[in-house]
Every structure is written in structure tokens, then in C-alpha cells.
Amino acid sequence: MNYKDTVFLPRTDFPMRAGLPKKEPEILQNWQQVDLYRRLRETRQGAPKFILHDGPPYANGQLHIGHALNKILKDVINRSQSMLGKDANYVPGWDCHGLPIEWKIEEQYRKKGKDKDAVPTAEFRQECRDFAAHWLVVQSTEFQRLGVLGDWQSPYTTMAYEAEAKIAEELGKILMDGSLYRGAKPVMWSPVEKTALAEAEIEYEDHTSVTIYARFPVQSSALQALHNASIVIWTTTPWTMPGNRAIAYGDDIAYRIIEVTAVKDDVLVRKGDVLCLADDLCDVVADALGITAMTARATVAGHELAGTIAAHPMAADGYDFEVPLLAGSHVTTEQGTGFVHIAPGHGVEDYELAHLKHGIAVPETVGEDGYILPHLPLYGGMHALRDNARIADMMAQHGGVIGIGKLVHSYPHSWRSKAPVIYRNTAQWFVSMESHGLRDTALGELAKTAFYPAAGQKRLTSMIAQRPDWCLSRQRAWGVPLTIFVNKETGQPLRDPAVHARIVEAMRTEGADCWFLPNASRFLGSDYSADDYEQVTDILDVWFDSGSTHAFVLEDRPDLDSPADLYLEGSDQHRGWFHSSLLQSWATRGRAPYKGVLTHGFVLDEHGRKMSKSLGNVVTPQAVMEQNGADILRLWVVSSDYYNDLRIGPEIIKRMTDTYRRFRNTLRYLLGALDGYDQAEQVGYDDMPDLEKWVLHRIATLDDRICRMTESYDFHGIFTELHQFCNSDLSAFYFEIRKDMLYCDLPGSTGRRACRTVMQELFNRLTAWLAPIICFTAEEAWQAYVGDPENSVHLRQYDAVPANWRNDDIDANWSLIRQVRQVVMSALEKARNDGAIGASLQAAPQVYVTAAMQSAFDGQDAATLFITSAATIVTDPPPADAFRLDTVADVAVGFAVATGGKCARCWKVMPEVTADDGICKRCDDVVATLA
RNA sequence: AGGCGCGUAGCUCAGUUGGUUAGAGCGCACGACUGAUAAUCGUGAGGUCGGCAGUUCAAAUCUGCCCGUGCCUACCA
């Protein structure tokens, strides 16, 4: 007789093979059909809010793997907070203004042969707007495909009229309170594009510069040795000489004053010249200048140079001003002469030392086209980048230069035009870090913010502590304008709240474009004359846009709240969004816009290298979704230590699919085992076997851990716990042991019902625990059970755990049992290798243990736990040849083959079975009852 | 070049205040089962804890230097 029909094998329609690339879009469609997002909002109405404020990605291209990591992590957090019962409303957003989009539009113009300057601003801005709108839709679709749940119907954008108006309004606040000021600053300037460039627009390439050694005759000094001497500087930028206003020396550097006694032919330096140079560099410089012999007049320490005044090399030709020697901490003796010429209009350090520290005025010497301003003697009309050789010759003729050379070095270039750029001093708008205590408040408040990982706090703190004033103005077109009128006479910005309110109101209905129309009097009203004011046409740094999102998103949307619980971005945003949002919020509200900050690392290839087209190691989220599915990508995120850099590549993806299968098969087995399960089968806790109680205990401890790890955003920990639980506790242990009961016992038996009660709990818990991570598969499995699309797994919460499930006595007992079991497994393996048995059911081990261990087995059927047909647990001294494991003390196993015949139904070897197709007593009873 | 990180088995990760023989899961190898079957179970082999030096009775853990790698900043006369 064939007993297979009398055995209750697992049965389910939930397929073993996932086919995620095909299945996920279907599940997505179901979610859209039942409007899961809206439904979840309704379900969580009135619940405590959890606000993860989305840092806006830039709307200008296809998503890369970094976007995927970022959005998946956000989604896992939101879904898991929702599982904790919170109302985690996620509103995605986009950063739409800014340079990269302008580039793209300009690029299109160039292809069509169009001139950007000939296009009206409004038209140009509209094209930028359309461009951003296009990519926004593309990215939105891809984010949703990743399973990210949020308000995709009404996301926020920085280019919405409301947002633009609000950003201008925010600017108004710092304009009114006086922390916004107009200053001059040396910025990277591209003479080709006639514009200032942001740091991101700069790339460094080799460039050949003309170098000069210039002499600055000492006018007055406390040092007698400097009488008649010249200070010698070396520079790679001769064109900055008209802007020279000081010389920097190093306090701790030793200098030597030498007199030239012999020179080579055809050199600029003369016998008898008295020069001052860094001691260490004398020989090198002498060599470069062609000096063949010299005598040392004196050696002085750097600090002795304080107070020395020199003359400009061209003093006789219109540059007749004092050039003081100043101590500069940045001066080194790695190259040059140990003296650095300071042109405050052409270098950040120069500006800081001369202007900020010593109050030296900043001259304007170079025009926006790169030509030295015509009114400047000798240099006027020469080009900063092209005429350096001419400048050097000219200066040499006048005796100001005593050495000319060339240097190939890396030099900033415009990313767009590939042309070299210069530092140029221009008028810009700044937010002061000090005038209103911004820096100090910021640093003080920073200590109250929670950082994940903690190191982020230190990083952000040191950045805020060191940063200069925030330069808000950009000479650009696509962005929110600095809505400022400057009084032509006083140079002061107009600070009239009524005027500014009119501007903001106009922007709210017409967008920021209204600022660029020629209608200043509309805003100025009757109190001011448009003729008296200059309208600023600069636009705001886009970091101010995104730094203001907390205002126009968190505060302005009734379904959100400020400050946010969490900001979450890549670690590069310490310098970016975290930074600008903090400053913006502190400047306008005096507090941080977030309670917590989480940073993740960057995605690298399998070998820890940066992804690049040339290395051919780029992994795109699109490819992974098409080949493996979004759930694999989601699993990858939580399997990684995302606080550090993450790696991805073919092997890692392969490993992830292996891991995925384990989760999927666990769910599948549970679904199969629960075939036809009815709540009426349920067995109360007290009536359950110890093994079931042990599983419930594991659920209780796991639940506790998962809830705690959810709150600290430790999903890698959750992933590890869940994976090992499915592997070691369920598949290899609990499921394996309970197969016999599940397949062969009577459906109505207490044991089998208890087992299914527990499996039902397991299924409920696992689908909920996994839902934030593999959101598609959790839904698929859940639907395989409930069959009701409106009852989505994502509307659920983690089920509460009854207090009595926690049972440390049972836990201790079963950890002893599992130790013994491990030795038995090894002993059986040895017997198997010896050819004594195949299946473990052929064995009947005798296990020698301590009394404590034996009592752990009280009330247990040891054979069931070992999956053998019989087993005895004794405290007798074991025979010498008994099997032992080094790692487990006090356990020995004597091997024996089970006696009797193999039951044709349950496959156990039992003494009562004698016939070939006979069955054991238990099965006999079951079959009889079933019939 | 500077600041901040990271470097533990083929892969992903644990390693508490320095303290037995460095752990887990996957993968791999071998075996079993053929009633979770493109599954499942068992056993096993894999590591000079990036390298070198130091502190210590004792270092994956502390210190210094070096190498590799990433982010940020700078390319500086």
C-alpha cells in the first residue's frame, strides 16, 4: 500500500522560484490600485508621527546605485517605523535649480549654434524648468520601482512657486536682521565664461605657468642687515603683481641676507645685489637665478622681520605704496623663496591675511574678461592668463624681476570650457557667521543632535567651526534670485519688510521669474524711487534652496512636522545638505531642523574601488532590478554596514540571491505547513510542548531585539538575526524536528495543533519583520495567506508579544539539549561515513551525559529531537570507544543501528514493524482514525 | 598635500573595559535524503585579524610609522 496519501505534506501555491523582475511590478500595481500610501495614512491617523525628511536628489539624470542605497534605506526606516505603529509619512522631494541643469541647456544651445546671452532670461529659465520636470518624472518612476513608499502624487520641489517664494522669504529674514551683508571675496573666476564658478565647477589639470622672482626693495626695517636689501618672492602668477599689497613670511623660518658676488652671463640678477631669502632655499634660488658666488651678510629669524616695510617692484611707475611684511602661518620652505607675495584680491589666504587680519584694502585690478584694468600703469590691458611672459619681461626691464622660469603644475580649470580660471575679487553677498552669533549657536545646538554613526557629530562640528562666512550669491540664471535692492548712493541694501513682502507675494503666484522682469517700482511701491536703487540679479546658492526645505516642506505641509526626526544622506552631505540646513535653520529659527542625522557611506565595487566607466565596474540599480529584482537590492542594503562604504558586484549579488532564497523558502515552508490552517486549531500556551514554548521564547527575544534595533536604525543587525533565526533555529532545528509530527501525526492531536499554532505565529511575525526589508516578497507571501489585496502586510504593525512567552528556564534547558544534539549529529555523521547508516532514522544512539544534562531531557522524546528512531540518555560512564567532540565536554555517544523494520508511512525504524510495507503502531492508529 | 573614516576566512559581517585555541551565516568540499526537491539536512576545510615596529606578563583590541582604499578640503606663493 502507498501511504503517501495519508501523510500531510506541505502544500502551497507560493512558488519556490520568485521571478522578482516580473512579479514586483505586479505587486507595485496592486499597491497603486488599493492606494497603499493613502490607506496607510488613514490607518495611522492620530498615531505619533515619525518624520524622515527627504534630502532632495538633483533632477538631472538617471539614477545610480547611490540613489538606490539612499532611498532604500529611507524606505526601510519609514516602513519599520510604521511597523512600530508610527505615522511615518514620507514626502520625497527634488532639488531643481542650479548650475548642472544650466549647463545642459547651454549645451543644447551650443549644438544648435544659439547664443545663450541672446536668449531672454525668462525663456532660458523655462527651459531649465522643463528639463528638471522631465528628469523628476524619470527618477520618480525608478524610485517607486525600488519599492519606496511615499507621497509620489505630490512631492516637493525647490522650483515650485510656493517654494521659490518661501526661499525668498527666508532670505528676507536674514536680510532684515542684518546678518546678510555685501562683501568682497576672491572667487574662482572664469574669464572665458565671464562668471564666478562654484567649487563643483572646477577641475584640476596640468598648466604651464610663467614664474618670476620679483624683488621688493626694503624701505624701512628695524634690522640693520636689511639696509639696501631686497625681499625676493617667487610667484606662478605674474599678473597678480599689480594687486600686490603685502609680503608674507614665516615666523619660524630662518632667513639669510646675502650679497651677490658673481653671476653667470645673461642673467637678470646683478653683482652687488643684496637679497633676503629663506636660509634653506638660498642655494636653490641662487642656482635658479644664476648666482655663482655670494657672501652672507646676516641670518635672521622670521619674527625679526615684523614691521619691515618694502616697496613694490614697480614703485617708480605708479605703484608707489608701502608693502608691509606680515607673518603668515601658511608660508613654507618647500619651494619659492620663503616669502609669499600677497595680492588680497587674488587668493583666499591672501585675502584673509591682508584684508581680514590687517585691514588692507582690496584693490580691483582685473576685469571680468581677464584683462588687467586699463588704468593700471604698465600692466593695463595685459591678459591674466596669456600675457605673463610679457609681464615678466616688462618687469625685468624695469629691474623688478630678477629671474624668470616656467612651471608645470596642476591648476584649476573650468569644468565646462576646460579653460584655466583665475582668482578674482568680486562683490558677493554673505551671511555672517559671527555678527549674530550664528557659529556659536550652531556649535552649541549641534551637541543636542543624535548622530548615526556618532562620528558624524565631530565631523560636522569641525566643519562649522572652521567654515568662513556663507557666500550666498551666484552669478547665474537658474535659481531663486537674491531679492535685494541696493541704494545706489549708500551701497546699503534696502531693509523694508513691506517691500520684501510684495516680492514674496508676487513670486508665490508668478514664480521667481517675476523678479527678472523690468518692473522694480512694482515692488518698491510709492515710498522709494526705482532710480535710486540697483536691483541685484544674482541668484542664491542652491544650498540655500535645499537648506530651506524644512521651512517650505516640514513647516508648510499640515501632514508633516518640524523639526524632523531624521535627516539621512551620504556622508558627503556633512559639507552639503546637513550643513546648509543647519545654518539656514539656525539663522532663521535659532534651532536645528532635525533631531537626528544618519549618514551612509558610498557604494564601491567588489574590490573596494570607486565605480567608473573606464574600470567597467559600474553596477546600475536598473540592471539589478531587471535581472534580480528590487528585493535583492534591498536585501543588499541591509546586509551591509551602511555606515561605512558599501561594496557591490556580481559575487555579492549572487550571495544576496542565496540569502534571499533562504528567507523565501522559510516563508514557503510555513505556508505549506499551514495549509488549511484554522484558528480553531489553536492551542493555548500551557498546553504546548516545551519545544513550541522554546520557539515562542525565541520569538519574544527576537521581537525585543528587533524593536530596539529598529529604533537605532540598525538594520544590519536585524538582517543578521533574522537570517540566523531562519537558518539555524527554524530550518535546521525546529522545522526538521517537527516534520514527523506535522506530516504523520493526527491533525487533531494537541502536539500537531500546537506546532501549527506556533507556525502561524512564526508566519505572522516573519512577514511583518521582513516587510520593511523585502517589501515585495513579504507582501507576496502575506497575500498567499490572506488573499486580500486591501489587507496589505504594510498596513500591519509588529504584533505584541504576550509576556508569558519569555521563559528563561526553557531557554537554558534547550541550549543544553542543543549542545548534546550537536555531538549526536557528529556521531551520526561518522557512522554515515563508515557506511553504517544513511538516513539518521536508521540510528538509535546511546548518549552518555551528566545528570544536569539528563534532566534537561525530562519529558522529551530524545529520538524525536535527534531525528533518530530511538535514543537513550544515560548518566553511566561511557565506554572507551564512545564518540566525543573536543568542543563539548561531558557528552559521549555510543552508536547503534535501530532495530526493526522501516515504517512505510513515517519511515522510522521500529521493532513492531516486521513486514516490508508494514507500518508502526503510531501510524497504524492514525491511519485507522483517518479511515 | 591636509582633515575624517575604513582594512578580521572566497563574500557579508560579529568580536564587549587588551585576557583560554579569533566567531556567525553564506559560499566551497564531501556526504545524506529523495515527503520543503532548481529544495532540505549533516560534517568538514578555510584567517601571520593590511604590513612593520613599539607599550604590556598578555594586542584583532593601545601607540607610532608605512601600504591600500574611500569621503571631504586644497592644489597654495
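Residue numbers start from 1 in every chain, and the chains themselves are labelled A, B, ... in the order their sequence lines are given, proteins ahead of strands. When reading the values below, keep in mind they use all heavy atoms of this one structure, side chains included, and skip hydrogens, waters and symmetry mates.
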Review point. Under 4.0 Å: is that the gap between some side-chain N or O of A:Lys610 and OP1 or OP2 of B:rC71?
Key: yes
**Study point:** Atom pair distance, as rounded to whole Å: CZ in A:Phe663 and P in B:rA36
**Key:** 21 Å
**Study point:** Test log, rule salt bridge (Lys or Arg N to Asp or Glu O under 4.0 Å), inputs A:Asp675 and A:Arg11
**Key:** CA-CA 6 Å; A:Asp675 180 42; A:Arg11 208 170 57 183; 3.2 Å; yes
Point to revise | Nearest-Å distance for atom pair CZ/C1', residues A:Arg655 and B:rC26 | key: 7 Å
Exercise for review: Respond yes when some side-chain nitrogen or oxygen of A:Lys4 is under 4.0 Å from OP1 or OP2 of B:rG35, and no when none is.
Suggested key: yes
Review point. Is the glycosidic angle of B:rG46 within 90° of 0, making it syn, or outside that range, making it anti?
Key: syn
Practice item. Consider only side-chain N and O atoms of A:Arg647 and A:His607, and report whether a donor and an acceptor are under 3.5 Å apart. Key: no
Practice item. Please step through ring-ring contact (aromatic ring centres under 6.0 Å, His included) for the pair A:Phe339 and A:Phe216, ending with a clear verdict. Key: CA-CA 11 Å; A:Phe339 288 107; A:Phe216 288 69; 9.4 Å; no
Review point. Would you say the ring centroid of A:Tyr713 lies under 6.0 angstrom from that of A:Tyr452?
Key: yes
Check your understanding: Among B:rC72, B:rG70, B:rU12, which is the nearest nucleotide to the side chain of A:Ser640?
Key -> B:rU12
Point to revise | Selection from B:rG35, B:rG27, B:rC4 that lies nearest to any side-chain heavy atom of A:Val7 | key: B:rG35
Practice item. Determine the contact category for A:Leu9: base if any of its heavy atoms lies under 4.0 Å from a base atom, sugar-phosphate if only primed atoms, P, OP1 or OP2 are that close, otherwise nothing. Key: base
Review point. Is the distance between the ring centroids of A:Tyr785 and A:Phe763 less than 6.0 Å?
Key: yes
Review point. Given that both pair distances must be under 3.5 Å and the pair must be Watson-Crick or G-U, what runs of three or more consecutive pairs involve RNA chain B?
Key: B:1-7 with B:67-73, B:10-13 with B:23-26, B:28-32 with B:40-44, B:50-54 with B:62-66
Check your understanding: Whole-Å distance between B:rG5 P and A:Phe602 CZ?
Key -> 17 Å
Practice item. Look at the side-chain N and O atoms of A:Tyr423 and state whether any lies under 4.0 Å from the OP1 or OP2 oxygen of B:rC75. Key: yes
Practice item. Give a yes or no on whether A:Asp13 atom CG has more than 12 heavy-atom contacts from other residues, nucleotides or ligands under 6.0 Å away. Key: no
Exercise for review: Among the candidates B:rC4, B:rG27, B:rA77, find the nucleotide nearest to the side-chain atoms of A:Lys458.
Suggested key: B:rC4
Check your understanding: Across the strands shown, which category fits A:Phe735 at heavy-atom distances under 4.0 angstrom: base, sugar-phosphate, nothing?
Key -> base
Exercise for review: Please work out if A:Gly672 contacts a base, only the sugar-phosphate, or nothing of the nucleic acid, heavy-atom cut-off 4.0 Å.
Suggested key: nothing
Exercise for review: Could you measure between the two C1' atoms, the one in B:rG42 and the one in B:rU48, and give it in whole Å?
Suggested key: 32 Å
Exercise for review: Could you label the plane-to-plane angle of the A:His723 and A:Phe719 rings as parallel, tilted or perpendicular, counting under 30° as parallel and over 60° as perpendicular?
Suggested key: parallel
Review point. NE2 of A:His716 versus P of B:rA24: gap in Å, rounded?
Key: 16 Å
Exercise for review: Take atom CG of A:Leu460 and atom P of B:rG3, then tell me their distance rounded to the nearest Å.
Suggested key: 19 Å
Practice item. Fit a plane to each ring of A:Phe735 and A:Tyr669, take the angle between them on a 0 to 90° scale, and name the class: parallel (under 30°), tilted (30 to 60°) or perpendicular (over 60°). Key: tilted
Check your understanding: B:rA77 C1' sits how many Å from A:Leu277 CG, rounded?
Key -> 14 Å
Check your understanding: What is the nucleic acid contact for A:Arg11, judged by heavy atoms within less than 4.0 Å: base, sugar-phosphate only, or nothing?
Key -> nothing
Check your understanding: If we take the P atom in both B:rC66 and B:rC4, what is their distance in whole Å?
Key -> 15 Å
Point to revise | Nearest heavy-atom neighbours spanning A:Ala863 and A:Ser869 | key: CB-C, 4.0 Å
Check your understanding: If the C1' atom of B:rG19 is compared with that of B:rA53, how far apart are they to the nearest Å?
Key -> 23 Å
Point to revise | Separation of the P atoms in B:rA58 and B:rG15, to the nearest angstrom | key: 26 Å
Exercise for review: Select from A:Ser728 and A:Ile652 the residue whose nearest nucleotide in RNA chain B is closer to the 5' end of that strand.
Suggested key: A:Ile652
Review point. If the C1' atom of B:rA39 is compared with that of B:rA24, how far apart are they to the nearest Å?
Key: 23 Å
Practice item. Report, as a single string ordered 5' to 3', how protein heavy atoms within less than 4.0 Å touch nucleotides 38-49 of chain B: B base, S sugar-phosphate only, - not at all. Key: BSSSBS------
Review point. Which value, in whole Å, describes the distance between the P atoms of nucleotides B:rG64 and B:rA22?
Key: 27 Å
Review point. When we call it a touch if two heavy atoms are under 4.0 Å apart, what does A:Gly336 touch: a base, just sugar-phosphate, or nothing?
Key: nothing
Practice item. List the atom of A:Asn244, the atom of A:His341, and the distance in Å for their closest heavy-atom pair. Key: ND2-ND1, 2.7 Å
**Study point:** Mutual orientation of the aromatic rings belonging to A:Tyr213 and A:Trp234 [parallel < 30°, tilted 30-60°, perpendicular > 60°]
**Key:** tilted
Point to revise | Nearest-nucleotide 5' precedence on RNA chain B, A:Leu646 against A:Thr235 | key: A:Leu646
Point to revise | Rounded distance in Å - CE (A:Met656) to C1' (B:rU12) | key: 7 Å
Practice item. Write down the distance separating the C1' atoms in B:rG47 and B:rG10, rounded off to the nearest Å. Key: 12 Å
Review point. Looking only at atom P, what distance separates B:rC52 and B:rU61, rounded to whole Å?
Key: 12 Å
Review point. Could you give the CE-to-C1' distance, from A:Met463 to B:rC4, as a whole number of Å?
Key: 8 Å
Review point. From B:rG35, B:rU69, B:rA36, pick the nucleotide closest to the side chain of A:Trp907?
Key: B:rG35
Check your understanding: Counting just side-chain N and O atoms, does A:Thr720 come under 4.0 Å of either OP1 or OP2 of B:rG25?
Key -> no
Exercise for review: For A:Arg575, answer base if it contacts any base atom (sugar-phosphate contacts may also be present), sugar-phosphate if it contacts only those atoms, and nothing otherwise; contact means non-hydrogen atoms under 4.0 Å.
Suggested key: sugar-phosphate
Review point. A:Thr240 and A:Ala343: which non-hydrogen atoms are nearest, and at how many Å?
Key: O-CB, 3.8 Å
